[in-house]
Structure formats: structure tokens, C-alpha cells
Amino acid sequence: MKEQLEAIRSQALTSIAAAQDAAALEALRVQYLGKKGELTAVLKQMGKLSPEERPVMGQLANEVRSAVESAVESQSAVLAQKAMAQKLEDETLDVTIPGKKAAIGHKHPMYTVLDEIKEIFINMGFEIMDGPEIEQSDYNFTKLNTPDDHPAREWSDTFYLDEESRTLLRTQTSPMQIRAMEEHGVPIRMISPGRVYRKDEVDATHSPMFHQIEGLVVDKGITMADLKGTLNAVIREIYGPDTVTRFRPHHFPFTEPSCEVDIQCHKCGGVGCPTCKGEGWIEVLGAGMVHPKVLRGCGVDPDVYSGYAFGMGLERLAMGQFKISDLRLIFENDIRFLEQF
Ligand code: DAH
């Protein structure tokens, strides 16, 4: 029995020390120490021993058991450490590898120009106002003194949203003149940028959706001189201090008198070139003194108050500033185009 016990000890210790993983180690523990294990099998034969031999063998058996137990324990610790080392190695992070650059976009060129213009007007004491793109034809046309038979009201020109032609996609930002006066009263000094819609075919200079900036100033004693002075100052901020302007008579239903404002072509100095289409001048906005009928319709007494209004196209401004030759480029949002700005 002594030889048996010694054999178990040496075999067990060797194979336990060689166990490569937790499962193999557990199998060995069961093989030697389990209820049906080798050590148990030997101990079952203790009854056959003489009374003198029994305590000696009993002590040896206990020694073998605790030797095997502590071998299992220490191998288990070795394996755990190995596993941890492996895990650390597998999960190694090289903090010196350059990171992935987050792709951050930038402002669309048209909004760069819009923000510049807003800044100019804010510095002159104007408020920025926002208004609906779905508009009543009352606001888009009637309250702006537009006659019932005006061609702009045609279904062929305007996107109506109902059969009765009451609701539409605004064709201009001018209805914001009415909304501003109705909501805020006078005196008022505001600009209102936003999208407008017209039934135009897409080409290099037309789009069914584009942007305008409306402006309105109403107070006591406002004259055409204020209109000219302010718009000249704004235009020189945008196009440069030496810009030459021209105020040309025109007609708009909601202003009287009305004008269109041109700048002398900065490319050719007024001689005529492809940029100004040989004209020498480039139209930049429409303006005029707010029609007394429009003021009255908003509850403003035209004998006490007067004002001016103006409207300009944002795309044309951006195209001039960034030398963009085709309007479609502004809306196609091709990243290769936008990345240039
Ligand atoms: N709404 C006009 C248009 O779309 C532009 C305009 C002209 C606006 C004269 C004005 C103005 O406020 O006074 O053609």
C-alpha cells in the first residue's frame, strides 16, 4: 500500500504540474481526489491492514492527499496567471498609433455669405426675422398690393397647395413685410432671409427653389435718402468700398417709387464683359418706398409713418462672391465642389 500511495503521489504531482488548462487540471483533480478517484480506492483497502500499519498508512495517505491538493491549487494559480498574461497581450493597445480623424464639415458657401450679410445688418441695428414658406396668397400677393390679374399669381408661375389658390409656397420673402408689421408694429427695422419657390425650369441661373433676403424699415420721417444711404453702405460692405451703384426706376406693386439697384461690374469697370453679360452693370436688388396702401393694410398710418423695403437674391450674391458660374452647383451638394470653400 505504501508503494501504491507513493506511486499516486509522484504520478499526480507530475501530471498536475504539466496540466495546460483549467479543464485538464480539474480532470486530474477528479482522477486522484474524487469519490471514485485513485486515492479513495486505495483508502478503501485500509480495513485489510493490521492495527499497527493502519495509522502509519493513514498518515501517509493524508500527506499524499494534501500534497496533491496543494499541487492542484498552485497549478491553478499558475494557469490563472498565464491566462491573465495572455489576455493582457491579446488586448494590448498601441496608444502611439495615430487616431482616425473625425470628418467635420463646414458651412455651405451660401450660408457663409448669408451670415456675413446678417452680421452687416445686425451691426446697423436690424432684427433678423423668420417666416413661413407655406404662405397665404393674401400675404404673398394681396396685402402686398398685387392686383388680382397680376401674372405672378398664375398657376403656371406659382406652386399652389389648394384648388382655391389660397395657400401656396411663397414666391418671395416680401410677405414678411406684412407679417413683421402685423406682429411687431412700427417703428421696425428688420431683415428676413429664407427660401422662396417658383415654377422655373432648372438651368444655370434658375431653380424652382432659391433664397431671398427681405428688408423693411418703417419709422417717422424715413425717406428715399435713407434707402439709398443704407443700401449703398451695405453694398460697399459686401462688394468693397469702391463699388459704384446705380438706382434705376422700376415697378413693384408694394413700393412707390420703386427701383432696381445695380453695381458697376467689378470685373470690367463698366465697359462690358462676360461677367456682366456686356452690360457693364450687375443687378443686385429690388427696393422702394413702402406703398401707402401696404402700410394702411397693416394698420400703420402713412401720414405719420413712412418706410423702405428691399429684396435681394442670395444665390446670385454667393455666386458673385465665390465666382460660381452655375446655380445648380449650389444645390447639388457635390462634396468635391463644396470642399473648395
Ligand atoms: N419681392 C421682389 C421679387 O421677388 C423683390 C423686392 C423688390 C423686394 C422690391 C422688396 C422691394 O422688398 O421693395 O422680385
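For ligands, and for the atoms within them, numbers begin at 1 and follow the listed sequence.
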TODO: Give a yes/no verdict on a cation-pi contact between K143 and Y139, requiring under 6.0 Å between NZ or CZ and the six-membered ring centre and an angle within 45° of the axis.
DONE: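 Yes, K143 lies over the aromatic ring of Y139.
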Examine ligand 1 and decide if any of its atoms is less than 4.0 Å from a heavy atom belonging to [X].
{"X": "F254", "result": "yes"}
{"X": "Q177", "result": "yes"}
{"X": "H250", "result": "no"}

With atoms numbered from 1 as shown, which atoms in ligand 1 lie under 4.0 angstrom from a non-hydrogen atom of [X]?
{"X": "G288", "answer": "13 (O)"}
{"X": "S174", "answer": "1 (N), 8 (C)"}
{"X": "Q212", "answer": "3 (C), 4 (O)"}
{"X": "F310", "answer": "8 (C), 10 (C), 11 (C), 12 (O), 13 (O)"}
{"X": "T255", "answer": "13 (O)"}

Identify, for [atom], the protein heavy atom at the shortest distance, and state residue, atom and that distance.
{"atom": "atom 12 (O) of ligand 1", "value": "E214 OE2, 2.6 Å"}
{"atom": "atom 2 (C) of ligand 1", "value": "Q172 OE1, 3.7 Å"}
{"atom": "atom 13 (O) of ligand 1", "value": "A309 O, 3.1 Å"}

Task: Backbone N/O of P302 and side chain of S306: donor-acceptor pair under 3.5 Å - done: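 Not at all, since once roles are kept as given, no pair shorter than 3.5 Å links the two residues.
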Open item on the list: Looking at V196, is its backbone amide N or carbonyl O close enough to the side chain of Q172 to form a donor-acceptor pair, meaning the two atoms are under 3.5 Å apart?
Closed with: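 Pair absent, no side-chain N/O of Q172 close to backbone of V196.
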TODO: Examine the side chains of E214 and S174 and answer whether a donor and an acceptor come within less than 3.5 Å of each other.
DONE: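 Yes, a side-chain donor-acceptor pair sits under 3.5 Å.
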TODO: Would you kindly say whether D157 and T171 are connected by a side-chain donor-acceptor distance under 3.5 Å?
DONE: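 Side chains of D157 and T171: no pair found under 3.5 Å.
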- [ ] Test salt bridge (charged side-chain N to carboxylate O under 4.0 Å, His left out) on R248 and D262 and set out the steps.
- [x] CA-CA 8 Å; R248 187 165 39 76; D262 304 328; 2.7 Å; yes
- [ ] Quick one: look at R198 and ligand 1, take heavy-atom pairs under 4.0 Å, and tell me if it's side chain, backbone, both or neither.
- [x]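 Side chain only.
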Open item on the list: Is the contact between A287 and ligand 1 made by the side chain, the backbone, both, or neither, using heavy atoms and a 4.0 Å cut-off?
Closed with: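 Under 4.0 Å from ligand 1, A287 contributes backbone atoms alone.
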- [ ] For the pair F341 and F337, name the ring-plane relationship: parallel under 30°, tilted 30 to 60°, perpendicular over 60°.
- [x]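 The rings of F341 and F337 stand perpendicular, inter-plane angle above 60°.
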Open item on the list: Taking the ring of F252 and the ring of Y308, is the distance between their centroids below 6.0 Å?
Closed with: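 No - the distance between ring centres of Y308 and F252 does not fall below the 6.0 Å cut-off.
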TODO: Using a cut-off of 6.0 Å, state whether more than 12 heavy atoms not belonging to I134 lie near its atom CD1.
DONE: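 Open.
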